[in-house]
Amino acid sequence: MKITTWNVNSLTARLQHVLDWVAANPVDVLCLQELKLTDDKFPLEAIREAGYPHCAVFGQKTYNGVAILSRTPLRDIAKNIAGFEDEHSRVIAATVEAPQGDLRVINGYFVNGQAPGSEKFAYKMSWLGGLNAYVCEELRQHPRLVLLGDFNIAPEDRDSWDPDGLRDTIHHTREEREHFQRLLGLGLCDSFRLFEQPEKSFSWWDYRMLGYQKNRGLRIDHILVSEPLRAHVKGCGIDRVPRKWKQPSDHAPVTVEI
DNA sequence: ATGACGCATCGAATGCGA
């Protein structure tokens, strides 16, 4: 079973890229972030025709918005973090029917946080606290769990193109990295690091200053798997191909095979 | 460099992303 996370930076602007990508990469589950559209604008028909009849959508106007697209049925769909009040549409969870055993999938568009010390950074910290408690409880109920999405955290120095120049800036702070480690501490593991990967592997590149062409990027899109799944993970990789297409998302899709 | 690029918004200049 292949599961992908992709921050598309507006599904309206990126629908054709998504359709082209799944035509070439027929993954079983596609988790999207930054839909930037309301539920009524979600292109259900086009997505269904592309092979994904089962969709859990949690949209929002202009900003945020997440969705899980699946070839197999979804159940127990939950939106946002239970017990954490949030005006943003940032999390959607669903149980995915899978032949080797159902999987709980939690798809998140983590808070960006702008800059350490800012109000948005404080929101990021409190949001991450809420998420940790939520994932802890979900793990209790669903041992076979995948937490994936745009984490907006570069977990280690090797996940940044300029770890020294960007030290303690957003995505690189000790506080953010501690939150990432806390998630691992719940019994999750970073599926990307289960395998040998090329150096300077990133999942996001700035649109400005030829960021992609110079490979000035960050690895901030992650797929964490719970302990019972760990031994079954067959691979994890970043697909840079759609980042080279015309008018791309600034993020690349990341796929795990379980 | 309060930049750059791209997307969204009752329609232009601004907020936001990372």
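Just so you know, these numbers come straight off a predicted model, no measurement behind them. Below, chains carry the letters A, B, ... as their sequence lines are ordered, and counting in each starts from 1.
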Exercise for review: Calculate the interatomic distance between A:Met209 atom CE and B:dA1 atom C1'; express it in whole Å.
Suggested key: 11 Å
Practice item. Starting from C1' on B:dG6, measure out to CZ on A:Arg243 and report it in whole angstrom. Key: 10 Å
Check your understanding: Around atom NZ of A:Lys200, are there more than 12 heavy atoms of other residues, nucleotides or ligands at under 6.0 Å?
Key -> no
Practice item. Determine the Euclidean distance between corresponding P atoms of B:dA12 and B:dT2; express it in Å to zero decimal places. Key: 28 Å
Review point. For atom P, what is the distance between B:dC10 and B:dC16, given to the nearest Å?
Key: 15 Å
Review point. Under 6.0 Å between ring centres, would you say that holds for A:Trp245 and A:Trp21?
Key: no
Practice item. Round to a whole Å and report the spacing from CG of A:Leu166 to C1' of B:dA18. Key: 10 Å
Practice item. Classify every nucleotide of nucleotides 9-17 of chain B by which part a protein heavy atom approaches to under 4.0 Å, writing B for the base, S for the sugar-phosphate alone and - for neither, in 5'-to-3' order. Key: SS----BSB
Check your understanding: With nearest nucleotides of DNA chain B determined for A:Thr12 and A:Phe110 from heavy-atom distances, which residue corresponds to the more 5′ nucleotide?
Key -> A:Thr12
Check your understanding: When all nucleic acid strands are considered with a 4.0 Å heavy-atom cut-off, which category describes A:Arg14: base, sugar-phosphate, or nothing?
Key -> sugar-phosphate
Review point. Within this structure, what is the CZ-to-C1' distance between A:Phe151 and B:dA18, rounded to whole angstrom?
Key: 16 Å
Check your understanding: Roughly, in whole Å, what's the span from CD in A:Glu176 to P in B:dA18?
Key -> 12 Å
Point to revise | Nearest-angstrom distance, P atom, B:dA1 to B:dA13 | key: 27 Å
Check your understanding: Does CD in A:Gln141 sit with more than 12 non-hydrogen atoms of other residues, nucleotides or ligands closer than 6.0 Å?
Key -> yes
**Study point:** Between B:dA8 (C1') and A:Lys41 (NZ): distance, integer Å
**Key:** 12 Å
Exercise for review: Quickly work out the A:Asp221 CG to B:dA18 C1' distance and round it to whole Å.
Suggested key: 11 Å
Review point. Do you see a donor-acceptor pair shorter than 3.5 Å between the side chains of A:Tyr123 and A:Asp86?
Key: yes
Point to revise | Candidates A:Glu176, A:His171, A:Arg177 - the one meeting side-chain hydrogen bond (donor to acceptor under 3.5 Å, both in side chains) with A:Thr173 | key: A:Glu176
Check your understanding: Judged by modelled atom types alone, do A:His172 and A:Ser160 share a side-chain donor-acceptor pair under 3.5 Å?
Key -> yes
Point to revise | Between P of B:dC5 and NZ of A:Lys246, the distance in whole Å | key: 17 Å
Exercise for review: Count the heavy atoms belonging to other residues, nucleotides or ligands that lie under 6.0 Å from CD of A:Gln213, then report whether that count exceeds 12.
Suggested key: yes
Check your understanding: B:dG11 and B:dC7: how far apart are their C1' atoms, nearest whole angstrom?
Key -> 15 Å
